[in-house]
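Reading through the structure tokens given below for one structure.
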There are 2 protein chains.
Amino acid sequence: MTGRNATHDPARRSWVESANAEGTDFPIQNLPYGVYSEGGGPRRVGVAIGEMILNLTAAEAAGLLRPGEPPVFDGGTLNALMALGPDEWSRVRAAVADLLDAKAGPHADLVLLRQDAVRMHLPVYLRGFTDFYASKEHATNVGAMFRDPENALLPNWSHIPIGYNGRASTVVVSGTGIRRPLGQIKGPEDMAPRLAPTARLDLELELGTLVGTPSRMGQPVTVAQAQEMIFGFVLLNDWSARDVQLWEYQPLGPFQAKAFGTTIGPWIVTREALEPTGCRHRTGRRRCCPICASRRIATTTSIWPSTSPPQAARRGRSATATPGISTTPRRSSWPITRSRAAPWRRVISWGPARSRVRPTTVAARFWS
Amino acid sequence: MTGRNATHDPARRSWVESANAEGTDFPIQNLPYGVYSEGGGPRRVGVAIGEMILNLTAAEAAGLLRPGEPPVFDGGTLNALMALGPDEWSRVRAAVADLLDAKAGPHADLVLLRQDAVRMHLPVYLRGFTDFYASKEHATNVGAMFRDPENALLPNWSHIPIGYNGRASTVVVSGTGIRRPLGQIKGPEDMAPRLAPTARLDLELELGTLVGTPSRMGQPVTVAQAQEMIFGFVLLNDWSARDVQLWEYQPLGPFQAKAFGTTIGPWIVTREALEPTGCRHRTGRRRCCPICASRRIATTTSIWPSTSPPQAARRGRSATATPGISTTPRRSSWPITRSRAAPWRRVISWGPARSRVRPTTVAARFWS
């Protein structure tokens with residue numbers, strides 16, 4: 001684990017004035033990464049600071065940041081940085097914080113842009129994702145909606161992280177239009193299924209975990225190792241067509257009804273930025289397997305109530321999710337800040353590292 | 001559709017003598033693509049001919065093939081060729097056949113290697129796949145194994161292609177070792193689940209459809225358009241841990257139990273090579289939606305009984321699949337030849353093009 005360091009110092013201030021404002025989402029302690037373009041130009045990697053974005057592609061080209069060789073910020077995604085691993089993530093974060101520190105002051109080679117003057121893009125190239133079913137309340141609500149309300153939570157839920165592979169090709173950045181899907185629907189009064197636009201479009205607010213470094217196929221990882229593979233987190237909207245889902249989902253689970261669009265926020269808040277915010281998961285102690293027995297480790301190291309899939313993951317529904325319609329975010333690009341993080345974690349029973357471990361017990365692997 | 005052309009002419013012979021042998025898997029009418037390396041060298045794209053492989057990377061570098069600019073055979077995968085689309089696929093196939101035709105004779109710049117002297121690799125970079133449940137017999141068998149034998153086939157099966165998103169990161173080339181997975185298992189006599197190696201390792205023989213060109217998110221495609229997007233087919237082994245699956249699969253479907261390994265053969269048989277082999281699917285006429293109403297189109301254009309997912313797809317179980325253990329291939333790199341194709345198609349109710357259309361009705365997309 002990275003632990004607390006100078007990047008978390010609450011007394012730290014930036015020479016970017018808006019980053020020091022009370023209540024800002026982007027103080028110098030946060031520093032989330034994103035990808036933007038300006039006026040139809042090429043995609044650049046940037047970091048959010050107050051109301052501005054610092055162009056990291058330009059800073060690297062000017063020699064002010066040297067994360068790796070070849071350059072990592074010139075590809076229009078965060079993937080090259082993510083592949084470097086946690087030690088390098090930490091060094092880059094410290095270097096970016098130093099560049100933006102009030103004691104440093106502006107530098108002629110640092111390019112700052114207003115966030116409201118650029119277009120944000122999907123920050124990573126995604127090769128897969130898994131949606132985990134992490135919240136007991138949410139699993140119970142959905143179970144009541146689809147099955148028997150008396151036995152809404154299935155027995156396996158308490159023993160292993162339940163999830164399914166989603167469709168990475170339809171993960172898009174917040175603000176992208178999602179078309180209301182057509183699908184086969186068969187209601188209780190319908191004699192036969194009919195093709196129609198969904199009448200039960202649903203939206204869940206979840207948290208996505210971005211896995212930065214891969215595991216090897218056939219090689220299990222520990223909870224602590226899984227934790228180290230997590231680069232950061234994004235807010236995520238999981239769109240669902242509940243009427244289509246009800247007709248299609250047995251026996252093979254959610255498919256088209258949850259594959260027509262998944263929206264993620266443009267800013268990746270790093271695991272390290274959230275380091276000081278850990279809180280306890282609620283799962284009781286169980287001993288049947290390493291995943292279950294790992295509560296103590298997960299409690300001390302797991303920092304975010306979301307899922308962790310191949311490249312971008314999903315899970316961690318809000319405690320206020322209700323059948324039929326779930327919580328919507330305050331705004332679609334809602335950044336994750338420390339003050340908002342804690343309540344979310346407390347509704348989550350299966351943390352991101354433990355959820356990541358389960359795939360490797362069956363010899364599957366994380367994405368590279 | 002491409003239709004029959006000179007590449008299908010049964011009278012055609014090659015100057016590679018082993019390609020003219022009775023019963024060969026690789027006559028000049030087949031010409032499947034693969035990726036190989038020799039003695040630890042770089043990956044090359046090749047085409048199988050008799051007992052040999054023609055090095056297409058070298059042929060392109062020598063100017064004997066010019067599929068596109070920049071080169072398409074120098075990346076160590078078939079992806080660049082697949083992205084060119086069906087007209088170019090057809091031109092390249094015709095050009096390769098002409099290079100290998102007995103009337104042409106050997107050329108000094110053509111590099112031939114023995115198939116048994118090289119190592120085969122995964123022929124494509126896969127970004128996702130979907131496993132469809134195409135055979136009525138198989139769906140019934142699995143339903144009886146997991147649920148009520150009296151109601152083994154669920155009502156939705158007859159109306160839409162049922163499937164789930166699989167895990168593309170664990171699709172490997174035939175010959176790669178698959179580790180027996182650990183998983184949580186809870187048998188009828190177990191008081192609690194336990195972590196153990198699967199005792200019910202299963203193997204299905206399926207056919208994978210490789211989608212070459214993408215669709216656009218939110219934009220439905222017709223059955224005919226879906227057909228045109230299909231580059232080719234591979235044989236596929238779908239590995240399953242049935243005891244793990246039984247405990248984990250509700251309510252979200254197959255997950256870890258079917259994600260620890262998927263094996264595909266090294267040779268991609270093109271859709272065009274199979275053009276003369278079409279036969280009827282068995283699905284009855286239904287009219288509720290474009291997928292169901294498309295039987296006539298599918299009958300005339302659908303050429304292979306497999307699935308078609310984002311990049312590499314699965315489906316099309318054998319008619320001889322039985323509960324607990326399914327058919328294994330005659331050999332793991334079993335090539336698809338015309339004489340073997342026909343019986344497979346006849347056990348399939350949902351063809352590859354129709355299965356591809358369903359995702360787009362809900363505004364999802366194929367992979368680019």
Side-chain angles (χ1 to χ4, degrees), chain A residues 127-128 130-131 133 142-143 146-147 154 156 159-160 162-170 172 177-184 186 192-195 217-218 220 241 244 247-257 259-261 288-291 310 358-359 361-368, chain B residues 127-128 130-131 133 142-143 146-147 154 156 159-160 162-170 172 177-184 186 192-195 217-218 220 241 244 247-257 259-261 288-291 310 358-359 361-368:
Chain A
R127 212 182 164 193
T130 309
D131 187 1
Y133 212 40
V142 174
F146 277 72
R147 292 173 297 276
L154 295 178
N156 56 11
H159 293 273
I160 40 172
I162 296 294
Y164 66 97
N165 293 300
R167 186 173 296 161
S169 64
T170 45
V172 293
I178 300 291
R179 180 170 169 168
R180 179 180 292 267
L182 288 170
Q184 258 194 27
K186 184 176 180 298
R194 56 200 163 79
L195 186 73
M217 184 169 168
V244 176
W247 171 237
E248 78 166 9
Y249 92 107
Q250 285 186 326
L252 301 183
F255 184 42
Q256 300 306 95
F260 59 90
C288 81
C289 74
I291 307 168
R358 193 179 162 225
T361 61
V362 294
R365 65 178 164 191
F366 303 154
W367 275 115
S368 58
Chain B
R127 212 182 163 192
T130 309
D131 186 1
Y133 213 39
V142 173
F146 277 73
R147 292 174 296 275
L154 295 178
N156 56 12
H159 293 273
I160 40 172
I162 296 294
Y164 66 96
N165 293 299
R167 186 174 295 160
S169 64
T170 46
V172 293
I178 301 291
R179 179 171 171 168
R180 180 180 292 267
L182 287 169
Q184 259 194 28
K186 185 177 179 296
R194 57 200 162 80
L195 187 72
M217 183 170 169
V244 176
W247 171 236
E248 78 166 9
Y249 91 106
Q250 286 187 324
L252 302 183
F255 183 42
Q256 301 306 95
F260 58 91
C288 82
C289 74
I291 307 168
R358 194 181 161 224
T361 61
V362 296
R365 65 178 164 190
F366 304 153
W367 274 115
S368 59

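Chain identifiers are assigned alphabetically (A, B, ...) following the order of the sequence lines, protein sequences preceding nucleic acid strands; residue numbering begins at 1 within each chain. What you see is a predicted model, and the numbers here were worked out from it, not measured in a lab.
Taken from CD in B:Gln184 to CD1 in A:Ile160, the straight-line distance is 4.5 Å, to the nearest 0.5 Å.
Residues A:Leu252 and B:Tyr164 approach most closely at O-CB, 3.6 Å, considering heavy atoms. Considering every non-hydrogen atom in both A:Thr130 and B:Arg167, the closest pair reads OG1-NH2, 4.4 Å.
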Original post:
Are A:Asn156 and B:Tyr249 close enough, and set up right, to give a side-chain contact (heavy atoms from CB on, under 4.5 Å), and what steps lead you there?
Top reply: CA-CA 9 Å; A:Asn156 56 11; B:Tyr249 91 106; over 6 Å; no
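For the pair A:Arg179 (side chain) and B:Gly218 (backbone), a donor-acceptor distance under 3.5 Å is present. Under a 3.5 Å cut-off, the side chain of B:Asn165 and the backbone N or O of A:Phe255 do not form any donor-acceptor pair.
Contact annotation: the side chain of A:Ser169 never approaches that of B:Met217 to less than 4.5 Å [non-hydrogen atoms, C-beta and beyond].
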